[in-house]
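The first residue in the sequence is number 1, and the count goes up from there.
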Amino acid sequence: MSERNRPPFKGQPFHTRGTRGPSARGERPAGRPFGDWPDDVAILYGWHSVSEALRNPRRRIRRLLVTENAMRRLTDEKVPLKLEPKLVRPGEIDRLLEADAVHQGLFAEADPLPSPSLAEVAESDLLLVLDQITDPHNVGAIVRSAAALKVGAIVTTARHSPAATGVLAKSASGGLEHVPFCFVPNLARALDELKERGVLVVGLDSEGADDLADTRLRAPLALVLGAEGKGLRQLTRQTCDVLARIDLPGAIVSLNVSNAAVLALHMARRAISRPARG
């Protein structure tokens with residue numbers, strides 16, 4: 001079945017990981033824009049984030065603010081409008097976001113997207129697993145790369161992950177609409193379940209026995225990445241089928257996690273897309 005014709009994932013919405021709304025005031029969760037947004041609202045801003053959400057039939061938009069210029073572009077590019085937008089001046093959107101947010105005249109409040117089950121995502125040929133990567137800019141960049149390389153889903157823990165909204169959504173540049181998050185309570189158990197379902201689990205680790213380029217990869221495949229500096233946690237390392245490193249030829253021998261992700265995904269996608277040798 002093609003990705004275009006695949007039925008939408010079912011499951012719980014992105015926000016199912018504890019209270020983050022007005023009843024839990026304090027430090028603003030990573031990835032949240034300015035303001036005290038309830039946890040059941042996804043905040044989207046910027047051209048790619050909002051236009052892709054408007055094109056996504058699974059995304060319910062609650063409120064849409066647009067400037068005159070943005071409205072003209074939506075019309076010119078025939079982006080479907082799911083509700084009547086409110087025309088505003090740029091300053092009205094500025095006041096809703098942090099000072100450095102680039103909204104390009106578009107701001108939306110939406111329902112979080114559903115989170116598929118582990119059984120559903122195990123049917124994909126390529127998965128990405130994030131082991132406590134918390135920076136929303138990095139996770140957003142990873143989501144964008146995952147969408148470009150046709151990743152079926154991103155698996156991560158319900159805790160120690162940024163909210164799928166705000167900064168993360170902007171950094172993902174529309175990728176959130178194409179790569180669902182599967183939130184799990186325990187990563188090691190989730191990896192064990194993926195292995196039981198026939199998924200090859202490969203952890204990226206600087207001390208891996210072989211270069212990823214020389215590692216035998218096959219679908220279904222899950223690549224596991226750890227946080228910058230800390231890398232994979234010990235139990236995660238022990239649960240992977242294989243640990244592989246990425247060898248680089250230049251003077252700088254390490255990449256940040258979002259760059260490592262796109263390189264590893266590109267190698268994985270090429271490897272599992274090659275015809276099997278007889």
Side-chain angles (χ1 to χ4, degrees), residues 3-4 6 8-9 11-17 20 29-33 41-59 101-104 106 108 110-116 118 120-121 124-184 187 190 204 221-228 255-269:
E3 289 295 318
R4 185 177 299 275
R6 186 183 297 277
F9 285 113
Q12 297 301 313
F14 274 175
H15 64 271
T16 55
R17 40 189 163 141
R20 282 184 172 169
R32 290 287 185 190
V41 175
I43 302 301
L44 308 172
Y45 60 90
W47 173 258
H48 293 293
S49 298
V50 176
S51 63
E52 287 299 302
L54 289 169
R55 291 186 174 103
N56 183 1
R58 296 186 297 119
R59 178 75 86 169
V102 181
H103 57 72
Q104 299 167 291
L106 287 169
D111 284 359
L113 287 168
S115 175
L118 208 57
E120 288 175 299
V121 304
S124 304
D125 65 346
L126 181 59
L127 299 172
L128 188 59
V129 181
L130 306 183
D131 186 11
Q132 296 195 354
I133 300 176
T134 58
D135 181 83
H137 294 92
N138 274 335
V139 177
I142 289 170
V143 172
R144 183 176 185 176
S145 298
L149 288 157
K150 203 176 179 182
V151 170
I154 293 174
V155 180
T156 191
T157 51
R159 298 179 62 190
H160 304 293
S161 61
T165 181
V167 173
L168 189 157
K170 181 65 167 66
S171 299
S173 196
L176 279 178
E177 310 305 317
H178 303 284
V179 184
F181 273 78
C182 172
F183 290 110
V184 297
L187 196 64
L204 294 183
L221 171 66
L223 291 179
V224 189
L225 281 80
E228 283 189 55
L255 299 170
N256 80 3
V257 68
S258 61
N259 289 330
V262 68
L263 181 56
L265 287 171
H266 184 259
M267 287 192 283
R269 174 53 70 194

Just do the side-chain hydrogen bond (donor to acceptor under 3.5 Å, both in side chains) check on Q104 and H48 with the steps written out, would you?
-> CA-CA 10 Å; Q104 299 167 291; H48 293 293; over 6 Å; no
So, for [X] and [Y], which heavy atoms are closest and what is the spacing to 0.1 Å?
| X | Y | result |
| --- | --- | --- |
| I133 | P162 | O-CD, 3.5 Å |
| Y45 | K170 | O-CD, 3.2 Å |
| C182 | P116 | SG-O, 3.4 Å |
| L204 | A264 | CD1-CB, 3.4 Å |
| L223 | A268 | CD1-CB, 3.8 Å |
| A227 | Q132 | CB-O, 3.4 Å |

Donor-acceptor contact below 3.5 Å, side chain T157 vs main chain R159 |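 Yes; at least one donor-acceptor contact below 3.5 Å.
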Would you say the side-chain atoms of R59 pair up with the backbone N or O of D111, donor to acceptor, closer than 3.5 Å?
->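 Yes, R59 side chain to D111 backbone: donor-acceptor pair under 3.5 Å.
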Working to the nearest 0.5 angstrom, can you tell me the gap between [X] [atom1] and [Y] [atom2]?
| X | Y | atom1 | atom2 | result |
| --- | --- | --- | --- | --- |
| S161 | I154 | OG | CD1 | 11.0 Å |
| F183 | S115 | CZ | OG | 6.0 Å |
| S124 | L221 | OG | CG | 11.5 Å |
| L113 | F181 | CG | CZ | 10.5 Å |
| I43 | S49 | CD1 | OG | 12.0 Å |
| T156 | L130 | OG1 | CG | 5.0 Å |

Any non-hydrogen side-chain atom of [X] less than 4.5 Å from a side-chain atom of [Y]?
| X | Y | answer |
| --- | --- | --- |
| V184 | L187 | yes |
| R55 | E177 | no |
| L225 | L128 | yes |

Under the salt bridge (Lys or Arg N to Asp or Glu O under 4.0 Å) rule, what do K150 and D125 come out as? Steps first, then yes or no, please.
-> CA-CA 9 Å; K150 203 176 179 182; D125 65 346; over 6 Å; no
Could you go step by step and tell me if V121 and L127 meet the side chain to side chain contact (heavy atoms under 4.5 Å, CB included) rule?
-> CA-CA 8 Å; V121 304; L127 299 172; 4.0 Å; yes
What donor-acceptor contacts under 3.5 angstrom involve side-chain atoms of residues 138-146, with partners at least two apart or in another chain?
unit_1 : atom_1 : unit_2 : atom_2 : d
N138   : ND2    : E228   : OE2    : 3.1
S145   : OG     : A141   : O      : 3.3

Test log, rule side chain to side chain contact (heavy atoms under 4.5 Å, CB included), inputs V179 and L176 = CA-CA 6 Å; V179 184; L176 279 178; over 6 Å; no
